[in-house]
Amino acid sequence: MAFFLSYSTPIAHHKICTVFSSKQGSRHAVDQFGSLTLKAMPEEMALIVTNGSSNNKIPHVLTMAGSDSGAGAGIQADLKTCAARGVFCSTVITAVTAQNTLGVQDVSILPEESVAAQLKSVLSDMHVDVVKTGMLPSTAMVKILHDSLKQFPVQALVVDPVMVSTSGHVLAGSSILDTFRQDLLPMADIVTPNIKEASVLLGGVQLETVTDMRSAAKSLHDMGPRNVLVKGGDLPSSSDAVDIFFDGKDFYELRSSRIQTRNTHGTGCTMASCIAAELAKGSSMLSAVKVAKRYVETALEYGKSINIGNGPQGPLDHMFKLKRKNSSKLRLFEPSDLFLYAVTDSGMNKKWGHSITDAVKAAIEGGATIVQLREKDAETGEFLEAAKSCLEICHAHNIPLLINDRVDIALACDADGVHVGQSDMPVNTVRALLGPEKIIGVSCKTPEHALKAWADGADYIGSGGVFPTNTKANNRTIGLDGLKTVCLASKLPVVAIGGINLSNARSVMELGVVTLKGVAVVSALFDRECVAVETRKLHDLLTETVANVGSAVTEEV
Ligand SMILES: Cc1ncc(COP(=O)(O)OP(=O)(O)O)c(N)n1
Ligand SMILES: Cc1ncsc1CCOP(=O)(O)O
Ligand SMILES: [Mg+2]
């Protein structure tokens with residue numbers, strides 16, 4: 001079967017291309033029917049969508065939901081979430097609820113014509129990437145949504161099947177259930193019920209265990225959505241917050257620690273709008289779900305002692321980034337931070353008469369994009385003082401600083417994260433100690449290690465030794481083939497490590513696997529007289545190599 005790209009037309013900010021299928025001999029105007037039609041297309045058909053970020057278009061989510069006067073959930077939660085995630089959010093209000101921390105006091109459903117008019121105003125003009133739905137209180141509104149999306153297709157539809165408020169108030173009556181099952185779910189790219197909603201959608205089945213949640217995800221998927229996330233925050237039997245993600249093929253069990261707080265009102269809306277925001281930025285569905293879970297966990301953690309209202313349920317803190325106490329705190333981790341990863345070595349610095357701070361300054365001057373302090377021989381007190389000084393230097397340059405092995409040092413100096421190996425402290429324990437925001441890297445030599453790293457909540461993996469090295473004793477070399485196998489299996493960004501220098505870095509980056517984001521280097525930077533010059537040479541070589549292989553790497557993670 002062959003496909004031909006006929007033309008590319010900027011519909012919204014995407015260049016959505018008309019696709020010809022030589023098998024069917026028919027032309028499918030993807031730009032006319034968007035994802036609604038795509039789901040009905042044969043699998044082998046191609047859709048080519050490129051993100052038009054070149055024209056400075058901000059990712060855009062439209063939320064169609066109810067207003068919450070208490071501002072913990074609904075439209076207000078969606079607006080805050082999208083703002084916090086750097087995504088523009090427009091709104092279609094379906095109902096106005098009078099709510100506070102005690103519960104729902106009143107609901108006024110908006111006239112259907114008003115809802116249709118709001119949708120048309122935004123969709124016809126504003127280049128929406130992703131639509132997210134919350135409270136849809138009438139069957140007519142589901143139909144209006146369907147017709148609007150047919151006329152103005154978007155990249156994805158995220159459906160949060162809001163039915164009952166956290167306080168127990170019914171927000172979508174039983175008469176609408178059939179419409180949800182028959183019309184809404186088949187349109188959805190993802191549906192995100194909590195346990196109660198999943199149970200209601202499935203006709204009242206009891207969901208009490210993670211196994212029940214898996215069956216529910218499968219049964220809901222049979223109703224038509226492309227992906228299902230069953231959220232287990234209310235699962236009585238689990239000490240963690242466990243969610244089940246099912247993409248029609250594989251199940252993923254996503255775990256985070258349960259945060260003890262009364263301030264949980266709006267978690268469902270927040271989760272769904274964060275998924276929508278990440279999709280609008282170009283994430284895959286699985287990555288969007290993982291980022292959203294971490295975002296909700298962080299917003300719960302920051303909001304756990306907010307004191308608003310007298311009722312049993314307060315809001316989370318969506319804007320936690322604004323109140324971080326230390327203004328020098330770094331932005332969130334980006335995979336591109338791994339491009340040139342400088343890992344220090346106290347022995348090498350001593351040999352050349354460099355202080356650790358001078359070595360770190362020089363590496364940053366030469367273009368290092370992230371720094372790890374790997375001070376195997378340092379005394380604890382000396383290590384902590386060096387870490388504090390290096391943190392100041394790194395943050396002055398907006399570069400993350402990680403600590404090798406020593407979670408205690410990272411906590412004491414508030415470093416940006418920790419790198420651990422397979423025999424160091426387990427990643428899930430490190431995550432529990434450091435919290436959701438810190439960066440955690442883990443060394444992986446096999447696909448199994450890589451998948452576990454992802455499941456345990458790491459942010460990146462280091463894979464090697466790619467080449468033989470004298471820096472780490474008794475370290476098995478996995479070669480370029482071993483590195484490629486790990487990269488292909490990894491759902492996390494990967495940095496290659498081990499014996500990498502100016503003569504072989506090109507061969508590493510030429511692997512051209514999308515998850516491979518850079519190289520981590522010790523001796524080729526620090527076992528040198530002039531650290532800045534060596535770092536610059538490697539930086540320039542990597543930049544040139546990536547520019548050449550860039551066109552061979554097609555998909556972003
Ligand atoms: C980026 C990066 N990748 C791998 C390692 C190795 O960590 P580990 O396996 O724990 O070995 P030690 O560095 O502790 O000897 C690393 N440090 N950094
Ligand atoms: C820490 C580590 N982990 C795997 S190989 C290695 C050593 C990397 O050092 P070098 O860049 O000098 O080979
Ligand atoms: Mg280690």
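Note: hydrogens, waters and symmetry copies are ignored here, and every other heavy atom, side chains too, is used. Residue numbers run from 1 in the order of the sequence given. Counting starts at 1 for both ligands and their atoms, following the listed order.
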- Query: Which atoms of ligand 2 sit under 4.0 Å from any heavy atom of Ser523?
  - Reply: 10 (P), 11 (O), 12 (O)
- Identify, by atom number and element, the atoms of ligand 2 in contact range of Asn475, meaning under 4.0 Å from any of its heavy atoms. 4 (C), 5 (S)
- Task: Provide, to 0.1 Å, the distance between atom 3 (N) of ligand 2 and the closest protein heavy atom, together with that atom's residue and name.
- Result: Lys472 CD, 3.4 Å
- By atom name, which N, O or S atom of Asp424 is the nearest to the Mg ion (ligand 3)? OD2
- Query: Looking only at distance, does Val420 have an N or O less than 3.5 Å from an N or O of ligand 1?
  - Reply: no
- Query: Looking at atom 11 (O) of ligand 1, what's its closest protein heavy atom, distance included?
  - Reply: Lys472 NZ, 3.0 Å
- Around Glu392, counting heavy atoms of other residues, nucleotides and ligands shown, do more than 12 lie under 6.0 Å from its CD? no
- Message: Yes or no: does Gly499 have any heavy atom under 4.0 Å from an atom of ligand 2?
- Response: yes
- Task: Going by heavy-atom distance to atom 13 (O) of ligand 1, choose the closest among Lys376, Gln422, Gln372, Arg374.
- Result: Arg374
- Query: Would you say Met348 and ligand 2 have an N/O pair spaced under 3.5 Å apart?
  - Reply: no
- Query: Relative to atom 10 (P) of ligand 2, which among Thr471, Ile500, Asn470 owns the nearest non-hydrogen atom?
  - Reply: Thr471
- Query: Looking only at distance, does Asp424 have an N or O less than 3.5 Å from an N or O of ligand 1?
  - Reply: yes
- For the Mg ion (ligand 3), the nearest N/O/S atom on Asp405 is atom OD1
- Residue Gly421 vicinity, atoms of ligand 1 by number, heavy atom under 4.0 Å: 8 (P), 9 (O), 10 (O)
- Report the residue from Thr429, Val430, Ile440 that forms a side chain to side chain contact (heavy atoms under 4.5 Å, CB included) with Val407. Val430
- Task: Taking all non-hydrogen atoms of both residues into account, name the closest pair between Arg226 and Asp189 and its distance.
- Result: NH2-OD1, 2.8 Å
- What atoms of ligand 2 come closer than 4.0 angstrom to any heavy atom of Arg374? 1 (C)
